[in-house]
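So that the names make sense, note that chain A is the first sequence line, chain B the second, and so on, each numbered from 1.
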2 protein chains.
Amino acid sequence: MPEHFADRLASRINDIGAPACVGLDPVLEQLPAEVRSACADPASACRRFCTGVLDAIAGTVPAVKPQAACFERYGPAGVDALHAVCARARQLGFVVVLDAKRGDIGISNRHYAASAFDGLDADALTVSPYLGVTGLSEFRREGRGLFVLVRTSNAEGDELQSLPLASGKTVSEHVAHLVSAWGRQHSGVGSAGLSDVGAVVGATKAAEGQRLRTAMPDQVFLIPGYGAQGGTLDDVRQLLRPGAQTLGAQGVLVNAGRSVLYPAGPESVGLPWAQRIADAAKRFARELSTLR
Amino acid sequence: MPEHFADRLASRINDIGAPACVGLDPVLEQLPAEVRSACADPASACRRFCTGVLDAIAGTVPAVKPQAACFERYGPAGVDALHAVCARARQLGFVVVLDAKRGDIGISNRHYAASAFDGLDADALTVSPYLGVTGLSEFRREGRGLFVLVRTSNAEGDELQSLPLASGKTVSEHVAHLVSAWGRQHSGVGSAGLSDVGAVVGATKAAEGQRLRTAMPDQVFLIPGYGAQGGTLDDVRQLLRPGAQTLGAQGVLVNAGRSVLYPAGPESVGLPWAQRIADAAKRFARELSTLR
């Protein structure tokens with residue numbers, strides 16, 4: 001039987017000492033000039049950049065989150081690059097969270113799961129609950145994780161997620177309860193007390209953090225919105241599982257994308273791009289290591 | 001300036017005489033034995049089957065809806081097959097609705113739009129509103145359409161979409177109002193009175209049809225769930241725009257997948273598979289032609 005996803009993640013977090021995830025969102029115009037000039041096409045440039053990033057941050061953060069859209073836009077060559085990036089990430093020991101936000105009716109979900117887990121061999125996948133939470137069952141695989149969108153970091157998310165229901169809950173709180181119940185029903189929790197069904201909860205929505213944590217005691221929160229989008233360490237503290245004994249059992253995985261991939265500031269000048277990224281990842285991991 | 005998407009669709013519907021769309025959901029195990037045995041790999045089989053279907057139904061229905069998941073599961077080769085299928089569909093004059101149910105924060109939506117509209121040259125794309133409706137703006141392209149998931153045909157959709165809000169509306173009714181307002185704000189309506197921002201509304205949810213139609217007077221409803229999933233012609237009637245002068249202006253595009261792709265019954269025995277599919281598409285289009 002494959003190791004429980006949440007256990008594997010918690011153990012990697014404890015090994016590394018920081019619940020940190022680096023988002024791999026390669027955007028051609030922002031890639032280092034030397035990467036762009038060395039590559040014949042955009043997909044190759046994304047591949048070269050991301051594998052360079054992986055080599056630079058290996059051992060510094062436990063997880064990476066490739067953004068499917070950035071690769072998909074370049075068609076078959078882009079998907080091929082995504083395969084290569086996921087393979088390299090697995091090889092280097094990263095937990096790979098494919099950020100694809102898929103969600104459809106059952107049989108289509110089965111196809112998307114095949115793409116993420118058989119094809120790309122991702123450890124986990126982000127999925128959308130609009131077509132229902134129990135309908136996500138076709139995504140479930142032993143040893144693999146899911147992160148259901150519950151409360152996203154973007155401002156427009158409020159249009160749907162903040163709506164007050166007749167029950168007194170908001171839509172996202174209701175989804176949180178569904179996710180928690182569904183996670184328990186299917187696979188219970190691993191030895192760290194965590195479900196392999198996690199939730200996406202933005203760092204920018206920490207004001208709702210306590211209610212969401214109460215509703216989802218077993219969930220790992222994949223937390224976007226840290227850094228460039230305004231989320232802080234104090235925001236993340238609102239989302240921790242109370243009473244957890246280890247960093248990995250605290251149930252958070254904080255993502256930073258732009259602030260690591262495209263570090264700015266005078267101190268970077270003159271350093272090779274991979275070194276600047278390695279330094280930015282170390283700063284990010286150091287910040288998060290204080291959560292323990 | 002490119003032609004308004006909803007005008008192009010309405011005009012094709014009027015030319016053909018039926019608001020019919022055939023879903024291209026190739027599932028390896030269900031493909032005709034002769035297609036499978038003639039192809040070296042699953043992606044080639046999906047491509048060969050779908051191009052055969054397109055040739056068989058050209059001139060019978062105005063639109064097709066390729067399901068991205070069915071192709072994506074085969075990696076780069078699958079995406080390559082999807083490109084070929086979309087290209088052939090455009091060549092044969094079909095309106096191509098890519099069913100991918102994408103939805104993310106703004107910049108990722110821009111990448112997905114590039115994939116659908118630049119890469120695959122689809123006429124329209126299905127998108128999910130969980131991260132907000134106005135956040136879907138990055139998907140907008142002049143001359144291209146969107147279909148926002150509002151009320152899906154699957155039973156599990158109720159878990160989120162049927163929730164009663166404090167306002168008295170359900171979640172899907174609220175999304176319907178957002179979609180309508182957002183559609184008007186961005187591009188108004190074409191000469192048929194229809195927005196290029198449409199909505200997915202399942203035939204199996206026709207009981208709510210009148211409220212959804214009132215909330216979304218300008219939207220083309222992309223209607224799954226007809227036939228195999230239980231939706232009937234009477235269900236579709238509940239979703240028509242009242243007072244429309246032409247079939248195309250009635251604001252519906254009804255999808256059938258399995259019932260056309262994998263027709264069953266004794267009458268099919270002995271006929272070549274493409275002929276059976278052509279016959280099933282003709283029956284489907286004939287049924288829908290009576291909506292006028």
Check your understanding: So which part of A:Thr134 gets closer than 4.5 Å to some heavy atom of chain B, the side chain, the backbone, both or neither?
Key -> both
Check your understanding: Given the options B:Arg102, B:Gln161, B:His174, which has more heavy-atom pairs under 4.5 Å with chain A than any of the others?
Key -> B:Arg102
Point to revise | Option in B:Gly132, B:Pro76, B:Ser153 with maximal non-hydrogen atom pairs under 4.5 Å from chain A | key: B:Pro76
Review point. Could you state the interatomic distance from CG (A:Leu163) to NZ (B:Lys169), rounded to the nearest 0.5 Å?
Key: 9.5 Å
Practice item. Using non-hydrogen atoms and a 4.5 Å limit, figure out which bit of A:Ser172 sits close to chain B: side chain, backbone, both or neither. Key: both
Practice item. Give the minimum heavy-atom separation between B:Ile105 and A:Gln229, together with the two atoms involved. Key: CD1-NE2, 4.5 Å
Review point. Are A:Val171 and B:Leu160 close enough that some pair of their side-chain heavy atoms sits under 4.5 Å apart?
Key: yes
Review point. Would you call B:Thr152 and A:Asp104 a side-chain contact if the rule is heavy atoms closer than 4.5 Å?
Key: no
Review point. For A:Ala68, is it the side chain, the backbone, both or neither that has a heavy atom under 4.5 Å from a heavy atom of chain B?
Key: both
Point to revise | Selection from B:Ser128, B:Gly119, B:Pro224, B:Pro129 maximising heavy-atom pairs under 4.5 Å formed with chain A | key: B:Pro129
Review point. When rounded to the nearest 0.5 angstrom, what distance separates NZ in B:Lys101 from CG in A:Asn109?
Key: 9.0 Å
Exercise for review: Flag the pair B:Val27 / A:His111 as yes when at least one side-chain heavy-atom distance between them is below 4.5 Å, and no otherwise.
Suggested key: yes
Revision key, fill the gap. Most heavy-atom pairs under 4.5 Å with chain A, out of B:Gly168, B:Ala69, B:Ser115, B:Cys70, belong to B:Ala69
Review point. Under a 4.5 Å heavy-atom cut-off, does chain A meet the side chain of B:Gln67, its backbone, both or neither?
Key: side chain
**Study point:** Segment of A:Val175 engaging chain B (4.5 angstrom heavy-atom cut-off)
**Key:** side chain
Exercise for review: Pick one of side chain, backbone, both or neither for A:Leu131, based on which atoms fall under 4.5 Å of a heavy atom in chain B.
Suggested key: both
Exercise for review: Supply the atom-to-atom distance B:Asp80 CG to A:Asp80 CG, rounded to the nearest 0.5 angstrom.
Suggested key: 10.5 Å
Review point. In Å and rounded to the nearest 0.5 Å, what is the CG to CD distance from A:Leu136 to B:Glu159?
Key: 8.5 Å
Point to revise | Region of B:Ala113 in contact with chain A, defined by heavy-atom distances below 4.5 Å | key: neither
Check your understanding: Between A:Tyr130 (side chain) and B:Val150 (backbone), is there a donor-acceptor pair under 3.5 Å?
Key -> yes
